[in-house]
There are 2 protein chains.
Amino acid sequence: MKLGESTECVLHAVTALAQLGGEAASAGQLAEHYGVPAAYLAKQLQSLVRAGVLTATTGPRGGFRLAMPPERITLLHIVEAVDGALPFYKCNEIRQNGRGGIPSEQCLAPCGLAVRMAAAEAAWRASLAGETVADILASLPEGIPERTRALLARER
Amino acid sequence: MKLGESTECVLHAVTALAQLGGEAASAGQLAEHYGVPAAYLAKQLQSLVRAGVLTATTGPRGGFRLAMPPERITLLHIVEAVDGALPFYKCNEIRQNGRGGIPSEQCLAPCGLAVRMAAAEAAWRASLAGETVADILASLPEGIPERTRALLARER
DNA sequence: GGCGTTATACTCGGATACCACGTGTCCGAGTACCCCCGG
DNA sequence: CCGGGGGTACTCGGACACGTGGTATCCGAGTATAACGCC
């Protein structure tokens, strides 16, 4: 029960892109910015493109940029894009299997365990869906966005 | 980001044990009761013993039994025992690494991303900690506890 | 000087090895029970 | 008939293969740019 190691990289990468205000940055730039393998970061950012959180453009001066304003991108969007949106708990209805299997006519109500596990998972998702990238930007230390822009901006 | 397949088996196994009211059942019995591999279930139940949720006795008429009354066993106890209690999200402080690393004197406040991820995880844990095995028993269909006792009880 | 063409360098995108965790299985150590024997 | 001892069968507990998902990496397809030559 843990998120992939790459989730942290991607969260920070999106934060950096948000500081650029719609400008693009290449995977190589972002990787160098955080000291992570470039090819690996690129692979993860692709899943964000598929999820519609980022857009990608090829060629010189290309790269990744936000597909939505930061206020509309929630942490849940990013986490689900990178780590998958499958439910944590999969109910296989084993209550109906084996020697003690409950006859299906008594299983009209969903399995109580599955209901509780789903509720906990919903609480997690709701918490992540309540925080946006804009909230993260607002909590950065003073002067960091300007510094990020200076480091990542590409002079024409 | 998903729980192990075995979590479901273990949750149901504990539910079955709770229906026995402190009586013991062997791993083999429980496995047959749910149609799952016996050796595998036994392996998982061991981690519950280590976590103090169950007690185990060897020898004939031995097996596993609850170490606490069902009202005191929460779903979080079980899930953490089986799946580990590690945090989902591990903050490696990559904000301090690489070319854009933030100097440590500006990192007195914890990383905002880590704070949000931890909050979501806390919501998940709180939801699971609010549900006990006794709640699960109360939501079972009519007559199931009696049936489980009849199937799992071992005549002296 | 302005425009079209060409060459270039840079970007993403998917396909490919490597490794760790979880799944599934097995056999050995220990113990409570049951049977048998002796008193 | 009662008590003790030994054998037995049953239980958990940890050690051992196997497979899948994630990590890390590479090279190829495509494009905007920039330079160059021509008009």
*Starting at atom CG of B/Leu48, determine the distance to atom P of D/dG13, rounded to an integer number of angstrom.*
11 Å
*Thinking salt bridges, do A/Arg125 and A/Glu80 make one under a 4.0 Å N-O criterion?*
yes
*Expressed in angstrom and rounded to an integer, what is the separation of B/Arg65 atom CZ from D/dC12 atom P?*
11 Å
*Do A/Ser104 side-chain atoms and A/Cys107 backbone N/O form a donor-acceptor pair below 3.5 Å?*
no
_Donor-acceptor contact below 3.5 Å, side chain A/Gln106 vs main chain A/Pro103_ = no
_I need the CD-P distance between B/Glu8 and C/dG22, as an integer number of Å._
18 Å
Polar atom pairs (N or O), protein with nucleotides 24-28 of chain C, under 3.5 Å:
none

*asked:* Using whole Å, what does the distance between atom P of nucleotide D/dA15 and atom CD of B/Gln46 come to?
replied: 10 Å
*Residue pair A/Thr15, A/His12: steps toward the side chain to side chain donor-acceptor pair (under 3.5 Å) verdict*: CA-CA 5 Å; A/Thr15 304; A/His12 281 279; 5.4 Å; no
Extract from the structure each pairing of a protein N or O with an N or O of nucleotides 3-11 of chain D at less than 3.5 Å, listing the distance.
| residue | atom | partner | partner atom | Å |
| --- | --- | --- | --- | --- |
| D/dT11 | O4' | B/Gly59 | O | 3.1 |

*Side-chain (B/Asn97) to main-chain (A/Gly35) donor-acceptor, under 3.5 angstrom*: no
*Please answer whether the main-chain N or O of B/Cys9 pairs with a side-chain N or O of B/Gln44 as donor and acceptor at a distance below 3.5 Å.*
no
_Atom-to-atom span, CG of B/Asp83 to P of C/dG22 - whole angstrom_ = 7 Å
*Starting at atom CG of A/Leu45, determine the distance to atom P of D/dA24, rounded to an integer number of angstrom.*
15 Å
